[in-house]
Engineer: 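Here it is, the structure, as structure tokens.
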Amino acid sequence: MTTPVALTIAGSDSSGGAGIQADLKTFAALGVYGASAITALTAQNTRGVTGIHAVPAEFVTAQIDAVFSDLDVGAVKIGMVAQALSIDAIAAALSRWAPRHVVLDPVMVATSGDRLLAAEAVDALRTKLMPLASVLTPNLPEAAALLDEPVAASEAEIESQGRRLLALGCRAVLIKGGHGEGAESIDYLIDSEKTISLAAPRIATQNTHGTGCSLSSAVAAGLAKGEDLASAVRNAKAWISAAIAAADRFSVGHGHGPIHHFHKFY
């Protein structure tokens with residue numbers, strides 16, 4: 001029996017709702033063994049981020065090499081990378097190990113509004129990590145920021161931005177509609193051939209901490225299990241919608257609480 005393995009390369013969230021903690025919970029909930037390489041330690045809770053301590057780039061490399069040299073990694077999820085030196089280290093390591101699938105979540109700002117990626121590192125993310133990505137998973141503000149454009153306000157604008165992101169080297173783009181408006185939250189999966197729209201009812205809750213991290217991890221979990229990209233995205237969308245819908249079962253913190261990763265179990 002082969003065990004599907006996914007690696008998250010991301011920051012640590014001390015309150016457990018986002019970052020590698022959310023990624024590992026997602027992998028476990030979806031039946032995938034999770035490994036991690038930590039790029040940064042954050043002091044944060046449901047109200048915000050009070051400190052960031054970047055892990056030295058050479059130690060990011062050491063963690064990635066340790067995992068790949070021993071585990072059969074089926075997919076990699078990249079989240080918070082914090083700084084340009086870490087991006088260089090990750091790009092070099094992934095070029096060396098050549099994983100089958102890379103899900104890149106361009107984390108720039110936390111749910112609380114705190115910045116998680118140094119401004120000078122955005123160009124490095126564009127030029128060094130995006131060309132390695134099987135799929136890029138920005139929300140609407142992140143897609144706009146990567147293109148230095150206003151936030152898309154229509155389906156046509158979203159698809160147009162997705163095409164321009166593809167031109168930067170990634171093989172597919174999943175633009176998430178959680179920051180949009182309307183009764184439905186619509187995500188758009190765009191590749192060189194087509195656009196697939198995925199709608200779900202918009203859920204009224206403030207407990208959305210870690211949603212982006214968890215969705216990208218759910219996609220990586222599906223890819224690690226051998227699903228094609230469209231199936232992995234559909235299944236991830238259904239799972240994250242249920243996790244958000246169940247979030248109010250929790251009473252954790254006093255700000256944006258976490259989603260319920262294990263809603264199927266308790």
Side-chain angles (χ1 to χ4, degrees), residues 4-14 16-28 30 32-42 44 49 52-110 116-118 121-122 124-138 142 146 169-171 174 210-224 232 236:
V5 177
L7 166 65
T8 169
I9 304 172
S12 168
D13 171 7
S14 51
I20 61 152
Q21 287 84 351
D23 298 337
L24 294 174
K25 289 174 185 177
T26 301
F27 295 157
L30 295 173
V32 172
Y33 182 87
S36 64
I38 301 175
T39 59
L41 306 177
T42 71
Q44 75 173 286
V49 179
I52 297 175
H53 178 71
V55 173
E58 60 270 22
F59 198 71
V60 173
T61 298
Q63 294 174 82
I64 296 171
D65 287 347
V67 172
F68 272 101
S69 65
D70 186 36
L71 278 61
D72 182 13
V73 177
V76 174
K77 174 264 172 78
I78 304 172
M80 177 186 179
V81 291
Q83 58 177 344
L85 287 174
S86 294
I87 291 173
D88 291 343
I90 294 164
L94 295 186
S95 296
R96 190 166 61 252
W97 289 107
R100 295 185 288 278
H101 303 288
V102 176
V103 180
L104 175 58
D105 188 24
V107 177
M108 298 181 187
V109 178
L116 298 177
L117 179 67
V122 175
L125 187 147
R126 281 192 203 101
T127 58
K128 295 177 180 178
L129 291 184
M130 283 181 59
L132 300 176
S134 310
V135 58
L136 178 76
T137 65
E142 288 164 348
L146 286 168
C170 53
R171 297 198 291 279
L174 177 64
T211 303
C213 303
S214 301
L215 178 61
S216 57
S217 296
V219 174
L223 294 172

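The chain is numbered in sequence order, starting from 1. Just the heavy atoms: all of them, side chains too, but no hydrogens, waters or symmetry mates, feed the values below.
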Engineer: With side chain to side chain contact (heavy atoms under 4.5 Å, CB included) as the test, would you mind laying out the steps for Ile9 and Ile64 before giving the verdict?
Structural biologist: CA-CA 8 Å; Ile9 304 172; Ile64 296 171; 3.8 Å; yes
Engineer: What's the shortest heavy-atom distance between Arg126 and Pro131, and which atoms?
Structural biologist: O-CD, 3.5 Å
Engineer: Determine yes or no for a side-chain-to-main-chain donor-acceptor pair under 3.5 angstrom, with Ser14 supplying the side chain and Gln44 the backbone.
Structural biologist: yes
Engineer: Counting N and O atoms only, with roles assigned by atom type, does the side chain of Lys25 sit under 3.5 Å from a partner on the main chain of Ser214, one being a donor and the other an acceptor?
Structural biologist: no
Engineer: What residue pairs, at least two apart or across chains, pass salt bridge (charged side-chain N to carboxylate O under 4.0 Å, His left out) with a residue in residues 59-70?
Structural biologist: Asp65-Arg96
Engineer: Taking all atoms of both residues into account, what is the closest heavy-atom pair of Gly79 and Val107, and its distance?
Structural biologist: C-CG2, 3.8 Å
Engineer: Pairs under 3.5 angstrom only: tabulate donor-acceptor contacts from the side chains of residues 84-93 to other protein residues two or more places apart or in another chain.
Structural biologist:
from: Ser86; atom 1: OG; to: Gln83; atom 2: NE2; distance (Å): 3.4
from: Asp88; atom 1: OD1; to: Lys128; atom 2: NZ; distance (Å): 2.6

Engineer: With heavy-atom distances below 4.5 Å as the criterion, would you say the side chains of Leu136 and Leu146 are in contact?
Structural biologist: yes
Engineer: Can you list everything that forms a side chain to side chain contact (heavy atoms under 4.5 Å, CB included) with Ala220? Sequence neighbours excluded, please.
Structural biologist: Phe27, Ala75, Lys77, Val103
Engineer: Can you name the closest pair of heavy atoms from Leu24 and Gly34 and give their distance?
Structural biologist: CD2-C, 3.7 Å
Engineer: For Ala18 and Cys213, which heavy atoms make the closest approach, and how far apart are they?
Structural biologist: CB-SG, 4.0 Å
Engineer: Return yes if some donor-acceptor pair links the side-chain N/O of Thr26 with the main-chain N/O of Ala218 below 3.5 Å, else return no.
Structural biologist: no
Engineer: Does any pair with a residue in residues 98-107 pass salt bridge (charged side-chain N to carboxylate O under 4.0 Å, His left out), and if so which ones, sequence neighbours excluded?
Structural biologist: Asp72-Arg100, Asp105-Lys176
Engineer: Minimum heavy-atom separation for Leu174 to Val135, with atom names?
Structural biologist: N-CG2, 4.0 Å
Engineer: Closest heavy-atom contact between Pro99 and Leu94?
Structural biologist: CD-O, 3.4 Å
Engineer: Pairs in or reaching into residues 63-107: which pass ring-ring contact (aromatic ring centres under 6.0 Å, His included), with residues at least two apart or in two chains?
Structural biologist: Phe68-Trp97
Engineer: Under the side-chain hydrogen bond (donor to acceptor under 3.5 Å, both in side chains) test, which residues partner Ser134, sequence neighbours left out?
Structural biologist: Arg171
Engineer: Can you tell me how far apart CD1 (Ile52) and OG1 (Thr42) are? Round to the nearest 0.5 Å.
Structural biologist: 7.0 Å
Engineer: Quick one: side chain to side chain contact (heavy atoms under 4.5 Å, CB included) partners of Leu41, sequence neighbours excluded?
Structural biologist: Ser12, Ile38, His53
Engineer: Sequence neighbours left out, what passes side chain to side chain contact (heavy atoms under 4.5 Å, CB included) with Val67? Give chain and number order.
Structural biologist: Leu7, Ala35, Leu71, Val73
Engineer: Quick one, Thr137 with Leu215, criterion side chain to side chain contact (heavy atoms under 4.5 Å, CB included). Give me CA distance, side-chain angles, the key distance, then yes/no.
Structural biologist: CA-CA 9 Å; Thr137 65; Leu215 178 61; over 6 Å; no
Engineer: Looking at residues at least two apart in the chain, or sitting in another chain, which of them share a side-chain hydrogen bond (donor to acceptor under 3.5 Å, both in side chains) with Thr61?
Structural biologist: none
Engineer: Going by the rule side-chain hydrogen bond (donor to acceptor under 3.5 Å, both in side chains), which residues pair with Thr8 if we only count those two or more places apart in sequence or in a different chain?
Structural biologist: Asp23
Engineer: What's the spacing between Gln63 CD and Thr39 OG1 if we round to 0.5 Å?
Structural biologist: 8.5 Å
